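Since the structure is predicted, the reported quantities are computational estimates derived from the model, not experimental observations.
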Amino acid sequence: MKKLISILLIFVMLFTFIPVVNASSYIVLNTNKYFREKPGGALITGVTDGVLVAGTKVDVISTDGESGHGCKNAWYKVRYDDLEGYICSSDQAIIDVADVDLNGDFEKEMLSKGFWESYLPYLKALHEKHHNWIFTPISIGVSFDEAVTNESYGEISLVDGTDETLRSKEWPYYQNGTYKQIEPGWYVASRDTVSYYLDPRNFLSEEYIFMFENLKYNSSIQTEDAVRGVTGGTFLNTNEYLNILMKTARTYNVSPVYLASRIRQEKGSTDSISTTGGSFTFSVDNSCLNNLGYASDPNSWNALNSCGNGKTYSGIYNYFNIGAYSSYQSPQIRGLIWANGGYDASVTTYNRPWNSKERAIMGGTEYIASKYINANQNTLYYQKFNVSPDAVYPIYTHQYMTNIRAHSQEAYSIYKSYKNNNLLNNTYEFLIPVYNNMPNDNEVILPDDDNEEEIVTTPDIDVNTGVVASGFKINGDVISNISFNTNIDTINSKLSSINANLKVTSYLDRYGNSASGNVGTGDTLVISNGSTTKSYKVVIYGDNNGDGKTSIVDLLRVQKDILGSSNLSTYDRKASDTNRDGKVDVVDLLRVQKQILGNSTIEQNRSD
């Protein structure tokens, strides 16, 4: 049993939102910080080991300290309890607050719009500086705790750096005293870390509020000078790149400042083979062939595209790191193979192959615009945390970033550009999420002190989140990435490996009849988490007749559709589009034929 206890003494919950306590500016530390007598000086002895731990609230005394002494940003003078000292300000957000009068015009307007009272000190402080900024609350419709839970599953949120306090200690990401690296230098973020970066109130400051900015193109404020404010000091600082970025912004209705910031976030300030078109070798990875089951058919499309072909490529660009993820190849090389349209350049969506700077930037922007900005994930926040109630893709899925800090880092880059170009006083609209049951300042759940045995239950998981974490893909009502000849037992085994409550509760064939055995295109799977259910239509690429495999029947159905003598259903047409280019043509016909002959395998998890 647990008690809800109101407390008046100072109690800092790690990373939980901390409201104002008698200060006009404060910081909630999102990482451990040394507390020093002066910049780079001796550690203050009044705190344990001279360290202020993550989650600590400190009042800001001054921010005019210089950088240096091991700090790339300015040293801030801060107060903790009765102690004053200095911390390195890198990666920390100052929160300004204002006195709130609930009968004031601004406060009443914000409350009537739908903001919680806890937002008001921060919004009012921003309003006092920028009267023409527009704050629009977006009701997410789920509790904050539920969102934290779903954004903490699996490898959905990662953190880099040496600060171990940000990392998850949950199995299997922490075993025998060792943190598991997901990629070199990257670890799964802890639930507390996710909670901090998910809470919008922690970022209602000048420096970070641009994570909530509407990212569609506004020519009056997103000027060439504003773009230069982001590209200065980087490989992007040329007229060639400036012209490409402005042309791309006009073409796809996307902020060029955002595009420049995104490229800088993904690629850094210096060139790499992804930005120069330099040569690279797509080496064959034998462990990939063995572990993915391609050793018996190493010349199949899947094997060559996933595990390498030993060939050298050049003249390929990928500025947004789209497709840059892999367990077996360098993520950068995987991204370049994606940009090439696969190892053989057979995938032509998004203007691939990206064999010039302009094609890569415009094609990458088309991808981001179509899949994110124009799919109502039109803020940096929504691209990290897809909780938008109007998003095309299911909640907690289709998230562009795994870096837990990416949305705040890009927001800061945009802020600096606007500030340097005197654009902060322009009109902006900020779409700010509001969750149900957000953390309060004086309530904390503490364990009871009795000796009753604690009842351990399996927590709920959002159905879509669980399905994606199980290795399947979701697009609207379609579930895919299901191999040929897969039965319900196999699907249930994958689901239950993520959460014991996840399972298929109803399996219907394409005609609506109760079914068993192998699933096929057009079948319906109803999946439950124990309290809610969702219905999905199965699509297995290459199987357009619903028997869960590829045969001469599927080949003939593709052929008839190309000739215009058949009328495939929506799901059968999706299954027939084996290379995911949005149409059924002779390329798909040949791929089905090769599958039947055993010359290659139609890849179910191929990126579209």
Side-chain angles (χ1 to χ4, degrees), residues 15 142-161 164-175 178-198 291-292 321 323-328 331 334 377 381-387 391 393-407 456-475 479-483 490-504 527-532 534 536 604-605 607:
F15 285 107
V142 300
S143 72
F144 183 75
D145 186 68
E146 176 188 330
V148 173
T149 297
N150 283 285
E151 292 290 354
S152 301
Y153 271 105
E155 300 169 12
I156 198 170
S157 294
L158 304 182
V159 64
D160 64 343
E164 295 184 356
T165 65
L166 302 179
R167 303 176 190 170
S168 173
K169 282 195 171 183
E170 299 294 323
W171 187 93
Y173 306 112
Y174 182 76
Q175 299 183 55
T178 301
Y179 295 94
K180 176 184 177 183
Q181 290 195 68
I182 306 305
E183 297 176 10
W186 290 89
Y187 305 85
V188 170
S190 71
R191 179 185 175 88
D192 290 330
T193 305
V194 172
S195 177
Y196 177 86
Y197 283 97
L198 185 69
N291 293 335
L292 296 184
N321 280 343
Y325 51 86
S326 175
S327 299
Y328 296 103
R334 285 297 309 148
Q377 287 176 255
Y381 184 92
Y382 284 151
Q383 290 179 26
K384 173 64 193 95
F385 304 115
N386 181 19
V387 293
Y393 295 90
I395 188 171
Y396 310 127
T397 69
H398 194 252
Q399 299 182 153
Y400 184 81
M401 314 166 183
T402 55
N403 177 1
I404 192 69
R405 292 187 278 217
H407 61 313
V456 180
T457 60
T458 301
D460 282 346
I461 181 175
D462 176 77
V463 176
N464 286 330
T465 302
V467 171
V468 172
S470 302
F472 303 108
K473 291 188 175 183
I474 297 175
N475 187 349
I479 182 172
S480 61
N481 198 18
I482 299 174
S483 301
T490 299
I491 293 175
N492 274 329
S493 176
K494 290 185 175 182
L495 293 171
S496 63
S497 70
I498 298 299
N499 186 281
N501 294 331
L502 276 176
K503 64 179 178 179
V504 177
I527 299 177
S528 172
N529 64 1
S531 58
T532 60
K534 290 187 181 293
Y536 305 95
Q604 298 301 321
N605 65 350
S607 299

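- Nearest heavy atom pair, residue Ser143 against residue Glu146, reads OG-N, 3.1 Å.
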Report task. I would like to know whether Lys180 and Val188 meet side-chain contact (heavy atoms from CB on, under 4.5 Å); could you show each step before the answer? Result -> CA-CA 8 Å; Lys180 176 184 177 183; Val188 170; over 6 Å; no
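- With Gln377 contributing its side chain and Gln383 its backbone, the two residues share no donor-acceptor pair below 3.5 Å.
- Judged purely by atom type and a 3.5 angstrom limit, Tyr179 has no side-chain atom pairing as donor or acceptor with the backbone of Trp186.
- For the pair Gln604/Asn481, a side-chain contact is recorded, criterion being any heavy-atom separation below 4.5 Å from C-beta on.
- Val194 and Ser157 make their closest contact through CG2-CB, 4.0 Å (heavy atoms, listed as atom of the first residue, atom of the second, distance).
- With a 4.5 Å cut-off on side-chain heavy atoms, Thr532 and Val463 count as touching.
- In summary, the side chains of Lys473 and Thr397 do not present any donor paired with an acceptor at a separation below 3.5 Å, with no hydrogens or angles considered.
- In this structure, the side chain of His407 does not engage the main chain of Phe385 through any donor-acceptor pair within 3.5 Å.
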Query raised in the report: Given the rule in the side-chain contact (heavy atoms from CB on, under 4.5 Å) test, do Asn464 and Val467 qualify, once you have shown the distances and angles that lead to the verdict?
Result: CA-CA 5 Å; Asn464 286 330; Val467 171; 5.6 Å; no
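- The number of heavy-atom neighbours closer than 6.0 Å to CD of Glu170, taken from other residues, nucleotides and ligands shown, is 12 or below.
- Rounded to the nearest 0.5 angstrom, Ile404 CD1 and Asp160 CG are separated by 11.5 Å.
- Put simply, the side chain of Ile491 reaches to within 4.5 Å of the side chain of Phe472, judged on heavy atoms.
- A pairwise comparison of heavy atoms in Ser168 and Ala189 identifies CB-O, 3.6 Å as the closest pair.
- When every heavy atom of Asn386 is checked against every heavy atom of Pro394, the shortest pair comes out as ND2-O, 3.2 Å.
- The CG atom of Leu158 lies 11.5 Å from the CZ atom of Arg405; values are rounded to the nearest 0.5 Å.
- The backbone N or O of Thr465 lies less than 3.5 Å from a partner atom in the side chain of Asp462, making a donor-acceptor pair.
- Here the CZ atom belonging to Arg191 is positioned 9.0 Å from the OH atom belonging to Tyr153, to the nearest 0.5 angstrom.
- Asn529 contributes atom CG, which lies 11.5 Å from atom NZ of Lys503 (distance to the nearest 0.5 angstrom).
- Remark: Tyr393 pairs with His398 by the ring pair (Phe, Tyr, Trp, His ring centres under 6.0 Å) rule, at least two apart or across chains.
- When every heavy atom of Thr165 is checked against every heavy atom of Thr193, the shortest pair comes out as O-OG1, 4.3 Å.
- With rounding to the nearest 0.5 angstrom, the OH atom of Tyr536 is 6.5 Å from the CD1 atom of Ile479.
- With respect to the salt-bridge test (charged N to carboxylate O, under 4.0 angstrom), the residues Asp192 and Lys169 do not qualify.
- No donor-acceptor pair under 3.5 Å is formed between the side chain of Asn150 and the backbone N or O of Tyr396.
- Taking CD1 from Ile182 and CZ from Arg167, the interatomic distance works out to 11.0 Å, rounded to the nearest 0.5 Å.
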